[in-house]
Amino acid sequence: MALLDALDGQARLRRMDTEELDALAGEIRAFLIDRVSRSGGHLGPNLGVVELTIALHRVFDSPRDRLVWDTGHQSYVHKILTGRRAGFDRLRQQGGLSGYPSQAESEHDLVENSHASTSLSYADGLARADAYRDVRDRAVVAIIGDGALTGGMAWEALNNIAGGPERGLVIVLNDNTRSYAPTIGGVADHLAVLREGRSWPGVFEQLGLSYLGPVDGHDIGAMEAELIRARELGGPVVVHVVTEKGRGFTHTEGNELDRGHAVRPMDPASGAPLAASAARSYTAVFGEEITKLAAARPDLVAITAAMLEPVGLLEMGRRFPGRVIDVGIAEQHAVTMAAGLSMGGMHPVVAIYATFVNRAFDQLLMDVALHRRAVTFVLDRSGVTGDDGPSHNGMWDLSILQVVPGLRIAAPRDAARLAELLAEAVAWEQGPTLVRFAKGAAEPDIPAATTFGGMDVLRRSGSLDVLVVSVGALAGVALGVSDTLRERGIGTTVIDPRWVTPVNPVLCDVARRHRLVITIEDNSRAGGVGSTIAQALQDAGVGTPLRAFGIPRRFLEHGRRSDVLAGCGLTAPDIALAVVEELAERVDVHVPVERIEGGR
Ligand SMILES: Cc1ncc(C[n+]2csc(CCOP(=O)(O)OP(=O)(O)O)c2C)c(N)n1
Ligand SMILES: CC(=O)[C@@H](O)[C@H](O)COP(=O)(O)O
Ligand SMILES: [Mg+2]
């Protein structure tokens with residue numbers, strides 16, 4: 001790693017000759033493979049941009065020239081070239097290097113949001129600000145992938161950028177033909193034509209943008225020549241760079257599924273995962289169940305936003321080709337298209353990550369719910385996801401969607417309930433339904449002790465002191481709270497409503513008979529299920545006090561899911577301690593408050 005070791009900034013980088021640069025690219029690739037195979041992360045995307053990032057940092061003078069990375073998952077090389085190589089020993093770990101740009105880490109980083117297709121809008125804003133302030137001696141450079149270019153925001157921005165021919169703006173299109181899978185649609189087809197160099201004005205030129213390329217994204221010299229032209233051109237210009245996702249590593253290059261888009265820790269020699277999880281993931285359970293349901297229901301069609309395998313639709317797609325639609329990174333289109341599919345007599349299942357439903361809220365509210373369409377939403381990665389940092393936690397869906405009239409929301413606690421609730425959801429034809437579950441291995445099955453009013457009673461113990469409302473995957477925590485309280489002579493009823501909104505009126509009756517209600521959810525406290533139930537109690541004239549436990553109203557830094565949940569106080573000891581204090585303060589029930597093992 002001689003060249004990497006000697007690299008002390010852009011000046012040294014700019015002095016390197018072609019031979020040194022090619023050697024440096026090899027050292028960076030070796031470094032990425034070594035570190036990311038240990039930690040896990042976005043190995044494929046970053047192996048694809050080694051030369052591109054070197055060229056960018058040689059032609060442009062970051063941070064004066066602003067580099068805006070779309071989605072940000074491909075910014076590892078940018079981090080290596082801006083002095084953060086040492087941080088890769090703790091990549092994506094709590095307190096360690098983020099897997100995305102981070103303003104706290106470096107002045108070279110701007111956009112921390114990992115939601116795709118935003119870079120051109122930031123760039124348009126930056127360029128306009130420079131125009132307002134008559135700043136002419138620095139560049140704005142957006143680096144956007146071919147996948148991100150299938151997102152609607154990108155075209156909203158292009159429309160505006162093309163309307164400002166006097167504003168300099170460099171758009172580097174990192175075209176590796178893939179999101180996870182090959183990029184779909186007319187945009188992908190057009191890029192294929194452009195890659196073949198058929199020289200007619202393409203869409204970018206017809207919009208009024210300048211277009212340079214296609215250029216080999218692994219030839220540093222060729223890219224530098226085009227980037228210098230783009231920098232000097234003035235006005236908005238697209239530089240079409242053709243790269244290979246996963247380049248230089250056999251276990252990413254050879255990965256037909258996704259070119260190693262997001263790898264788990266692996267043995268770099270064999271590619272074998274370092275820690276294979278025995279338990280089935282919620283995603284795998286969904287994939288199995290939706291395929292069974294699709295076999296029985298020809299009206300079922302599933303929709304993914306460029307994440308076929310990550311959301312578990314691979315099997316259904318194999319069994320029922322044509323009934324799984326990949327719309328590209330286009331969640332808003334996915335949702336309103338689903339409304340159209342429903343109006344046409346189908347029952348769509350929209351499978352996306354919880355955090356990405358945020359950008360399709362209006363479509364869900366006004367295109368699906370307003371028309372009472374029977375669309376089923378499946379939100380994977382709900383709650384704390386952890387590794388991918390603040391913008392990837394699925395912590396807002398229960399808050400923003402509880403306001404949607406007619407939407408029924410289910411939060412399965414384990415695999416068995418996911419199967420049950422998914423079947424109930426797709427059987428419901430009176431309006432939209434939603435099933436949300438966590439990232440990773442499904443919690444062990446927790447059978448109900450009994451059912452009551454359509455809800456699962458997980459435990460009844462002692463007197464009717466505390467009603468514990470358990471939401472989704474935190475049922476194990478809820479039972480742990482019950483155990484700790486029982487040791488202090490406090491009785492609990494632990495209930496899993498299964499369908500968490502609208503609130504089951506029977507829950508209000510049960511609450512009436514207890515001295516305190518607590519709710520435990522892997523979602524923001526602000527506007528979460530807890531606050532929805534509090535309002536339902538108020539509307540029902542139930543005076544029992546309620547304490548909601550959930551994620552505080554703040555962005556959560558990256559880290560392991562379990563550690564981040566603990567940091568939010570969502571552990572049995574922490575909650576039990578808080579309940580004992582609550583009972584003393586609000587219910588005048590005093591029990592020994594000696595230290596509760598593990599509590600704060
Ligand atoms: C709104 C949104 N939807 C889905 C994702 C998940 N996602 C992360 S990267 C990615 C593929 C991006 O493809 P591309 O822009 O071509 O970048 P590449 O990985 O090929 O470099 C997707 C779908 C996301 N980050 N944001
Ligand atoms: C950058 C992005 O949005 C995805 O690649 C995401 O990081 C994948 O997350 P999972 O690893 O949870 O599938
Ligand atoms: Mg791509």
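Computed from a prediction, not measured in an experiment: that's the story for all the values here.
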Starting at [atom1] of [X], measure out to [atom2] of [Y] and round the result to the nearest 0.5 Å.
X      : Y      : atom1 : atom2 : answer
Trp155 : Leu120 : CH2   : CG    : 9.5 Å
Leu81  : Gln10  : CG    : CD    : 7.5 Å
Ile33  : Thr250 : CD1   : OG1   : 9.5 Å
Ser391 : Leu556 : OG    : CG    : 11.0 Å
Leu401 : Leu379 : CG    : CG    : 7.0 Å
Leu21  : Ile220 : CG    : CD1   : 5.0 Å

Within 6.0 angstrom of Glu19 CD, more than 12 heavy atoms from elsewhere: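 Atom CD in Glu19 is not crowded, with 12 or fewer foreign heavy atoms closer than 6.0 Å.
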I'd like to know whether CZ of Arg133 has more than 12 heavy-atom contacts from other residues, nucleotides or ligands below 6.0 angstrom.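 No, because the 6.0 Å sphere around CZ of Arg133 holds 12 heavy atoms or fewer from other groups.
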Look only at the side chain of [X] and the backbone of [Y], and say whether a donor-acceptor pair between them is shorter than 3.5 Å.
X      : Y      : value
Arg138 : Arg66  : no
Glu27  : Leu4   : yes
Asp65  : Ala139 : yes
His218 : Glu244 : yes
Asp109 : Glu105 : no
Arg372 : Leu370 : yes
Asp70  : Thr118 : yes
Asn523 : Leu398 : yes
Thr53  : Val49  : yes
Gln332 : Gln363 : no

For Thr183 and Thr150, what are the C-alpha separation, side-chain angles and deciding distance, and is it a side chain to side chain contact (heavy atoms under 4.5 Å, CB included)? CA-CA 8 Å; Thr183 305; Thr150 60; 3.4 Å; yes
Parallel, tilted or perpendicular, as decided by the 30° and 60° cut-offs, for the rings of His78 and Trp69: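 Aromatic pair Trp69/His78 classed tilted.
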Look at the rings of His73 and His261 and say which category their plane angle falls in: under 30° parallel, 30 to 60° tilted, over 60° perpendicular.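 Judged by the thresholds at 30° and 60°, the geometry between His73 and His261 is tilted.
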Which pair of heavy atoms, one from [X] and one from [Y], lies closest together, and at what distance?
X      : Y      : answer
Asn393 : Gly389 : ND2-O, 3.4 Å
Pro268 : His251 : O-CD2, 3.3 Å
Ile144 : Ser119 : CB-OG, 3.7 Å
Val50  : Leu47  : CG2-O, 3.7 Å
Ala334 : Val327 : CB-CG2, 3.8 Å
Pro310 : Tyr180 : CG-CE2, 3.4 Å

So that I can tick it off, tell me whether [Y] and [X] are bridged by a salt bridge, with the cut-off set at under 4.0 angstrom between side-chain N and carboxylate O.
X      : Y      : result
Asp175 : Lys245 : no
Asp397 : Arg436 : yes
Asp388 : Arg92  : yes
Asp61  : Arg14  : yes
Asp130 : Arg128 : no
Arg167 : Asp124 : yes
Lys439 : Asp380 : no
Glu253 : Arg247 : no
Asp367 : Arg373 : no

Please test Thr71 against Val111 for side chain to side chain contact (heavy atoms under 4.5 Å, CB included), starting from the C-alpha separation and ending with a verdict. CA-CA 8 Å; Thr71 320; Val111 175; over 6 Å; no
Tell me, do [X] and [Y] make a side-chain contact under 4.5 Å, heavy atoms counted?
X      : Y      : answer
Met316 : Val324 : yes
Val403 : Phe361 : yes
Leu209 : Val237 : no
Ser210 : Glu205 : no
Leu91  : Tyr76  : yes
Met16  : Leu7   : yes
Val378 : Phe286 : yes
Ile290 : Leu313 : yes

Whether Arg85 engages the ring of Phe31 as a cation-pi pair (distance to the six-membered ring centre under 6.0 angstrom, angle to the ring normal within 45°) should be assessed.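 Geometry flag: set, cation within 6.0 Å and 45°.
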Identify all side-chain donor-acceptor contacts of residues 344-354 below 3.5 Å with residues at least two apart in sequence or on another chain.
{"from": "His347", "atom 1": "ND1", "to": "Val426", "atom 2": "O", "distance (Å)": "3.4"}
{"from": "His347", "atom 1": "ND1", "to": "Glu429", "atom 2": "OE2", "distance (Å)": "3.0"}
{"from": "His347", "atom 1": "NE2", "to": "Thr376", "atom 2": "OG1", "distance (Å)": "2.8"}
{"from": "Tyr353", "atom 1": "OH", "to": "Arg381", "atom 2": "NE", "distance (Å)": "3.4"}
{"from": "Tyr353", "atom 1": "OH", "to": "Arg381", "atom 2": "NH2", "distance (Å)": "3.1"}

Show me the side-chain donor-acceptor pairs of residues 222-230 shorter than 3.5 Å, one per line, residues at least two apart or across chains.
{"from": "Glu224", "atom 1": "OE1", "to": "Arg58", "atom 2": "NH2", "distance (Å)": "3.3"}
{"from": "Glu224", "atom 1": "OE2", "to": "Arg58", "atom 2": "NE", "distance (Å)": "2.3"}
{"from": "Glu224", "atom 1": "OE2", "to": "Arg58", "atom 2": "NH2", "distance (Å)": "3.3"}
{"from": "Glu226", "atom 1": "OE1", "to": "Arg229", "atom 2": "NH1", "distance (Å)": "2.9"}

No-hydrogen, no-angle side-chain donor-acceptor test under 3.5 Å, [X] and [Y]:
X      : Y      : value
Thr82  : Arg84  : yes
His115 : Thr355 : yes
Thr385 : His392 : no

Go through Val435 and Phe377 one step at a time and tell me if the side chain to side chain contact (heavy atoms under 4.5 Å, CB included) criterion holds. CA-CA 6 Å; Val435 181; Phe377 296 90; over 6 Å; no
For Leu110 and His108, run side chain to side chain contact (heavy atoms under 4.5 Å, CB included): C-alpha distance rounded to whole Å, both residues' side-chain angles, the deciding distance at 0.1 Å, then the answer. CA-CA 7 Å; Leu110 264 177; His108 294 276; over 6 Å; no
Return the set of residues passing side-chain hydrogen bond (donor to acceptor under 3.5 Å, both in side chains) with Arg318 (not counting sequence neighbours), or none when no residue passes.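 Result, side-chain hydrogen bond (donor to acceptor under 3.5 Å, both in side chains) vs Arg318: none returned.
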